[in-house]
Amino acid sequence: MTRIERLRKRLATEKLDGVLITSLENRRYYSGFTGSAGVLLIGAVDVVLVTDSRYWEQAGQEAPAFELEKQGPKLWVSVAETLARLSWRRLGFESPVLSYAEYQIIKPLLTVSELAPLDNLDALRAVKEPGEIKLLAEAARITDIALAKVLQVLKPGVREKEMALEFDYQLRLNGAEGSAFPTIVASGVRSSLPHGQPSTKKIEPGDLVIIDGGALYQGYHGDLTRTVVLGEASAQQKRIYSLVLQAQEAALAFLKAGVSGKSADWAARHVIETSGYGGNFGHGLGHSVGLAIHENPRLSPSEEGKIPEGAAVTVEPGIYLPGWGGVRIEDLVIVKQDGVRNLTGSAKQELVEV
Ligand code: ZN
Ligand code: ZN
């Protein structure tokens, strides 16, 4: 089944005549159009892309299967006119994406009799196609290169911000169109901040350094975390690192198609809990990745859903001790029938002393 066929099946289940797509990721997923503005209208027969004059030529090239509706001065007026022509009655929309302000604008304009919120349309992107897995693998490969390069500039006195900039530069230099998300570099006591943004702090000998970043490659996101130490590691740093690694490896060994997100999370969490650090691993084990950096299903204590074959997920346990520092290890893997294919190649077997 093609992507649009799967979406139409969903529309039929929900008894909808069509759906209004406003998210960047779904717009690209269903049409191929990569522009920053525009909406899709997808029905049982018609597929229409409404966008403004900046993108008319590009839309024709990237989304040839879609009928191009040239937007006038007001996007929502053009959308309403198109919908009136299509004579749909029940229209679905992406409720997590369409803002309240937009909803207030479109509601009186539309001729449809019902606007139906769809809150989990993204689930249709959970199983990655072979072509998507190739793009994720390339994003992961570029990310590995950037990590190796950034470790070469890690020296006493280098600032976290400089490390992050070098990582981003290496991503671009090696073929990424950008960074998948703002690169995290957190060192020393700051490494206990799970999402510490790079600061002007100088990295000192003995500091743990968490680097978390990824390449953006043809719309797909890489995601990798490694924790290293500048200079010689202390016994405590080695101990925490090996605990996190043990937790990550337990989850990687457990993970396969059909297990719940909750049970995969527990595979790692119970290792950390039984060692007495349960309270220091506050976030979920991982998330799905694709055209968005954070997708569903998640690997977390609240994810009851099963992880399907072909899902792309991160496995990223961590232990964070305020006032001391933290360790996180993150790989990006594809879930298979009998296990996982790890797309991340960066070494992790021991705490690297740079
Ligand atoms: Zn990450
Ligand atoms: Zn992640």
Side-chain angles (χ1 to χ4, degrees), residues 25 122 125-126 128 132 135-148 150-151 160 163-164 166-168 170-171 176 178-187 190-198 208-217 219-228 241 244-245 247-249 251-252 255 261 264-265 267-269 272 281-303 307 311-320 325-335 340-348:
E25 293 85 8
D122 291 0
R125 301 205 315 266
K128 269 57 184 181
E132 294 183 285
L135 298 177
L136 286 165
E138 182 60 11
R141 191 187 69 82
I142 296 168
T143 307
D144 282 331
I145 294 172
L147 179 79
V150 79
L151 291 182
E160 292 171 354
M163 290 280 291
E166 177 68 18
F167 185 83
D168 294 344
Q170 291 295 341
L171 291 175
S179 305
F181 53 90
T183 301
I184 292 167
V185 176
S187 65
R190 295 191 77 254
S191 60
S192 66
L193 304 168
H195 268 195
Q197 284 307 306
L208 285 168
V209 186
I210 291 184
I211 302 159
D212 183 353
L216 182 65
Y217 183 74
Y220 285 79
H221 296 71
D223 196 359
L224 162 78
T225 306
R226 285 293 180 266
T227 305
V228 300
Y241 185 90
V244 174
L245 181 63
Q248 199 220 21
E249 288 183 331
L252 289 170
L255 196 54
D265 177 273
R269 194 170 300 279
I272 292 176
F281 174 26
H283 56 77
L285 178 66
H287 51 90
S288 294
V289 184
L291 283 169
I293 180 63
H294 294 126
E295 298 187 346
N296 291 320
R298 310 279 166 150
L299 306 183
S300 81
S302 59
E303 182 68 73
I307 310 301
V313 298
T314 67
V315 179
E316 48 179 311
I319 293 178
Y320 311 95
V327 171
R328 180 167 66 257
I329 304 171
E330 174 180 31
D331 288 352
L332 174 57
V333 306
I334 303 298
V335 178
V340 297
R341 174 186 163 202
N342 199 329
L343 301 182
T344 298
S346 294
K348 63 180 179 189

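Every number for a ligand or one of its atoms is a count from 1 in the order of the listing. When reading the values below, keep in mind they use all heavy atoms of this one structure, side chains included, and skip hydrogens, waters and symmetry mates.
- Within His287, the N, O or S atom lying nearest to the Zn ion (ligand 2) carries the name NE2.
- Of all non-hydrogen atoms in Phe281 and Glu316, the two that sit nearest each other are CE1-O, 4.4 Å.
- Considering every non-hydrogen atom in both Thr314 and Leu299, the closest pair reads O-CD1, 3.5 Å.
- Closest non-hydrogen pair, Ser191 versus Gly326, comes out as OG-N, 2.9 Å.
- Contact check on Glu295 versus Arg125 returns a salt bridge, with a Lys/Arg side-chain nitrogen under 4.0 Å from an Asp/Glu carboxylate oxygen.
- The number of protein N/O/S atoms found under 2.8 Å from the Zn ion (ligand 1) is 4.
- Distance check, rounded to the nearest 0.5 Å: CG of Asp223 to CD of Glu330 gives 3.5 Å.
- Listed here is the closest heavy atom pair of Leu343 and Ala140: O-CB, 3.4 Å.
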